[in-house]
Amino acid sequence: MPYVLGVDVGTTRTAAAVCRLGGAGRGEPEVVGLGGPGGGVASTLQLTPDGAFAVGEPGDPRWTATGFGRRVGDTVPVVLGPDPAGFDPGGPDAVAPDPAGGGELFAAEELTALLVMWVADQVAAREGERPAHIVLAHPPGWGPHAKGLMHRALRSVGLEVSLVPEPVAAAENHAFTRSFAGSLGVFSLGSHAFGASVVGRGFELVHAVEGVDQAAGVDFDDAVFAHVRATLGRALAELDADDPRTRGLFARLRRDCEAAKRVLSGTLETSIPVHLPSGPVEVPITRAQFEDLIRPHVEQAVSVFERVAAAGVEMTVLVGGSARIPLVAASVPGRVVLEAAPETSVVKGAALAARRLVVGPDAEPEPIETSVMVRDDDPLLRFPVGGPEAPEAEFTAPPPRPPVDITPLDLPERRTVKRVVRGLVPTGGRRARDSEDGR
């Protein structure tokens, strides 16, 4: 059956979703399993000795690229392998490989295009055909230059892709289940990134801010780790940091701290196992203690969102795996909606945007109610969730959503990535850190 594909290359995890174009039903977005934790795959590309790229589990950091999805447009390339001799990031050879140095230099958009190509190939193998259209969700801060670079890199690997800002994709996903007539706030909190945005009723990005220094999911993990260190005191402080066993202990402890953070979103108390040389111990932590640790960071993020949404929004959608934390939903003002799987809201919205580009807005049915209203602070709300329905005459339907108009920007020729495209291969492995935090 024909389908369209949405792709979200996050800092930690890459996800994909499809929408069907034929048959009965509403064409609901379906998240595609890519073989990694949480249904997606780690956003890493490891350069192998034979010049190919392996997708998935991070390996030797000298040969593994991470975080490139949010570096598109950066003039400093990603260096894989030994540092090139005499490399000057600001010089004329900034994007050209230097064989004498033994390393390879790659632009962030080239690596991102390779990962999108791999995702498209994986989905096509599952579906038995290529997608009718692809939409890539991108950070809201991308301007014409970054989008032009991304379009060129995607075309170099044989893909014609439309670009949609992440908050707009989140709004697309929200509108599929709950219509809105005014502006929509998007509060995004993932593993490495925070964003505050406002999307208009015509699905245009009104305002967006990305928190460069704002704490996110991995910082919350560090707060839990600090709690363990403070609780155990000398038992941890006196361990030899250069001992490989100590490094292994700390690596495992950080994974357990991340797991405890996620558990506390559904329970009031949990324990963190610590495998000391003298024997295992468990450090208890309550949700109240965890919230006290992260409250200043959450309050700072909320203050940024309040400034962005100062003109007022009809409701706010929480996006990203860290949005599951109850303190976040309780701190964001106004009418707050938490999707069933906030870490997949963007990729599902990207698939819906692709479907709308192909099918058109007139073919879309009325939305159904599946999301959860976490809180409603508006005393003027006539009928809260679960209340009686009002006559249809009292409401005015929003105008049809216009199609996304994206014009690729032609830029000077850049280094091609065709040499490494042929060798792209998948890998498996252990779960990536903070995999369920999504972005």
Chemist: Is the closest basic N to carboxylate O distance between R201 and E314 below 4.0 Å?
Modeler: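 Answer for the salt bridge query: no.
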Chemist: Search all heavy atoms of Q289 against all heavy atoms of P284 and return the closest pair with its distance.
Modeler: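 For Q289 and P284, the tightest heavy-atom pair comes out as OE1-O, 4.1 Å.
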Chemist: Report the residue from H138, E210, H192 that forms a side chain to side chain donor-acceptor pair (under 3.5 Å) with R70.
Modeler: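 Per the side chain to side chain donor-acceptor pair (under 3.5 Å) rule, the option paired with R70 is E210, out of H138, E210, H192.
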Chemist: Find the distance between CG (D292) and NE2 (H227) and round it off to the nearest 0.5 Å.
Modeler: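 That separation rounds to 11.0 Å.
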Chemist: Over all heavy atoms of both residues, which pair between L264 and I285 is shortest? Give the atoms and the distance, please.
Modeler: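 Heavy atoms only, the tightest pair is CD2-O, 3.9 Å.
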Chemist: For residues V4 and A354, report the shortest heavy-atom separation together with the two atoms involved.
Modeler: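 For V4 and A354, the tightest heavy-atom pair comes out as CB-CB, 3.7 Å.
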Chemist: Could you walk me through whether T316 and F305 pass the side-chain contact (heavy atoms from CB on, under 4.5 Å) test, one step at a time?
Modeler: CA-CA 10 Å; T316 300; F305 175 78; 3.3 Å; yes
Chemist: Which atom pair, heavy atoms only, marks the closest approach of I272 to A260?
Modeler: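 It is CG1-CB, 3.7 Å.
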Chemist: Any side-chain heavy atom of P167 within less than 4.5 Å of one from L205?
Modeler: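 In short, these two side chains touch, coming nearer than 4.5 Å.
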Chemist: I need the F53 CZ to L80 CG distance, nearest 0.5 Å.
Modeler: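 One gets 5.5 Å once the value is rounded to the nearest 0.5 Å.
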Chemist: Nearest 0.5 Å, please: how far is CG in L357 from CG in L352?
Modeler: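 These two atoms lie 11.0 Å from each other.
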Chemist: With a 4.5 Å heavy-atom cut-off, do H297 and D219 have their side chains touching?
Modeler: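 Answer no - side chains too far apart.
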Chemist: To the closest 0.5 Å, what do you measure between CD (E28) and CZ (F176)?
Modeler: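 Interatomic distance, E28 CD to F176 CZ, rounded to 0.5 Å: 4.5 Å.
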Chemist: Output yes when a side-chain donor or acceptor of E129 lies under 3.5 Å from a complementary backbone atom of M1, and no otherwise.
Modeler: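 Side chain of E129 to backbone of M1: a pair is present.
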Chemist: So how far is it from E110 CD to L105 CG, rounded to the nearest 0.5 Å?
Modeler: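 Reported to 0.5 Å precision, the distance equals 10.0 Å.
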Chemist: Does the side chain of M150 come within less than 4.5 Å of W142's, by heavy atoms?
Modeler: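 Contact flag for W142/M150 side chains = yes.
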Chemist: Would R178 and E339 pass as an ion pair if we require N to O under 4.0 Å?
Modeler: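 Here R178 does not pair with E339 in a salt bridge, since their nearest N and O are not under 4.0 Å apart.
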Chemist: Check whether any side-chain N or O of S43 sits under 3.5 Å from a backbone N or O of G10 as a donor-acceptor pair, and report yes or no.
Modeler: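 The answer is yes, because a donor-acceptor pair under 3.5 Å joins these two groups.
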Chemist: Any side-chain heavy atom of F106 within less than 4.5 Å of one from L45?
Modeler: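 No. Closest side-chain heavy atoms not under 4.5 Å.
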Chemist: Given V55, which partner from the list L34, V41, T14 fulfils the side chain to side chain contact (heavy atoms under 4.5 Å, CB included) test?
Modeler: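 The passing option is V41.
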Chemist: State whether R324 and E343 are salt-bridged, where the test is any N-O pair (Lys NZ or Arg NE/NH1/NH2 against Asp/Glu carboxylate O) under 4.0 Å.
Modeler: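 Looking at R324 and E343, the cut-off is met.
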Chemist: Nearest 0.5 Å please: distance from the CG atom of L293 over to the CZ atom of F220.
Modeler: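 Taking CG in L293 and CZ in F220, the distance rounds to 10.5 Å.
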Chemist: Are the side chains of L21 and R355 in touch, meaning some heavy atoms are under 4.5 Å apart?
Modeler: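 Side chain of L21 against side chain of R355, heavy atoms only: contact under 4.5 Å found.
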Chemist: Just wondering, do P326 and S265 contact through their side chains at under 4.5 Å, heavy atoms?
Modeler: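 Yes, side chains in contact.
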Chemist: Quick one: does N173's side chain have a donor or acceptor within less than 3.5 Å of a partner on A170's backbone?
Modeler: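 Answer holds: no.
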Chemist: What heavy-atom pair brings F68 and A108 nearest, and what distance separates the two atoms?
Modeler: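 F68 and A108 have their closest heavy atoms at O-CB, 3.5 Å.
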Chemist: Just so I know, are the side chains of F187 and V302 near enough to count as touching, which here means a heavy-atom distance under 4.5 Å?
Modeler: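 When only atoms from C-beta onward are counted, V302 and F187 do touch, with a gap below 4.5 Å.
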Chemist: Let's go through T286 and L268 carefully: what are the C-alpha distance in whole Å and the side-chain angles of both, what is the deciding distance for side-chain contact (heavy atoms from CB on, under 4.5 Å) to 0.1 Å, and is it a yes or a no?
Modeler: CA-CA 6 Å; T286 65; L268 296 179; over 6 Å; no
Chemist: Hey, does I294 have a side-chain heavy atom less than 4.5 Å from the side chain of I325?
Modeler: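 Side chain of I325 against side chain of I294, heavy atoms only: contact under 4.5 Å found.
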Chemist: Test your reading of the model: is there a side-chain donor-acceptor pair from S156 to the backbone of A153, 3.5 Å cut-off?
Modeler: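 Such a contact is found between S156 side chain and A153 backbone.
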Chemist: Would you indicate whether R126, at its atom CZ, is surrounded by more than 12 heavy atoms from other residues, nucleotides or ligands within a distance under 6.0 Å?
Modeler: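 Yes, because the 6.0 Å sphere around CZ of R126 holds more than 12 heavy atoms from other groups.
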Chemist: Would you sort out whether R152 and E109 count as a salt bridge (charged side-chain N to carboxylate O under 4.0 Å, His left out), showing the intermediate values?
Modeler: CA-CA 9 Å; R152 181 174 292 277; E109 59 271 13; over 6 Å; no
Chemist: Evaluate side-chain contact (heavy atoms from CB on, under 4.5 Å) for V328 paired with S322, printing each intermediate quantity in order.
Modeler: CA-CA 8 Å; V328 175; S322 293; 6.0 Å; no
Chemist: Salt-bridge test for R130 and D121: reply yes if a basic N is under 4.0 Å from a carboxylate O, no otherwise.
Modeler: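 Salt bridge: yes.
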Chemist: Determine, step by step, whether R356 and H133 satisfy the side-chain contact (heavy atoms from CB on, under 4.5 Å) criterion, reporting the C-alpha distance in whole Å, the side-chain angles of both residues, the deciding distance to 0.1 Å, and the verdict.
Modeler: CA-CA 10 Å; R356 180 162 57 85; H133 194 62; over 6 Å; no
Chemist: Looking only at atom types and distance, does a side-chain atom of E204 sit under 3.5 Å from a main-chain N or O of G202, one as donor and one as acceptor?
Modeler: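 Side chain of E204 to backbone of G202: a pair is present.
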Chemist: So that I can tick it off, tell me whether R254 and D222 are bridged by a salt bridge, with the cut-off set at under 4.0 angstrom between side-chain N and carboxylate O.
Modeler: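 Yes, D222 and R254 are salt-bridged.
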Chemist: Which atoms form the tightest heavy-atom contact between S191 and T12, and what is the distance?
Modeler: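 Between these two residues, the closest heavy atoms are OG-OG1, 2.6 Å.
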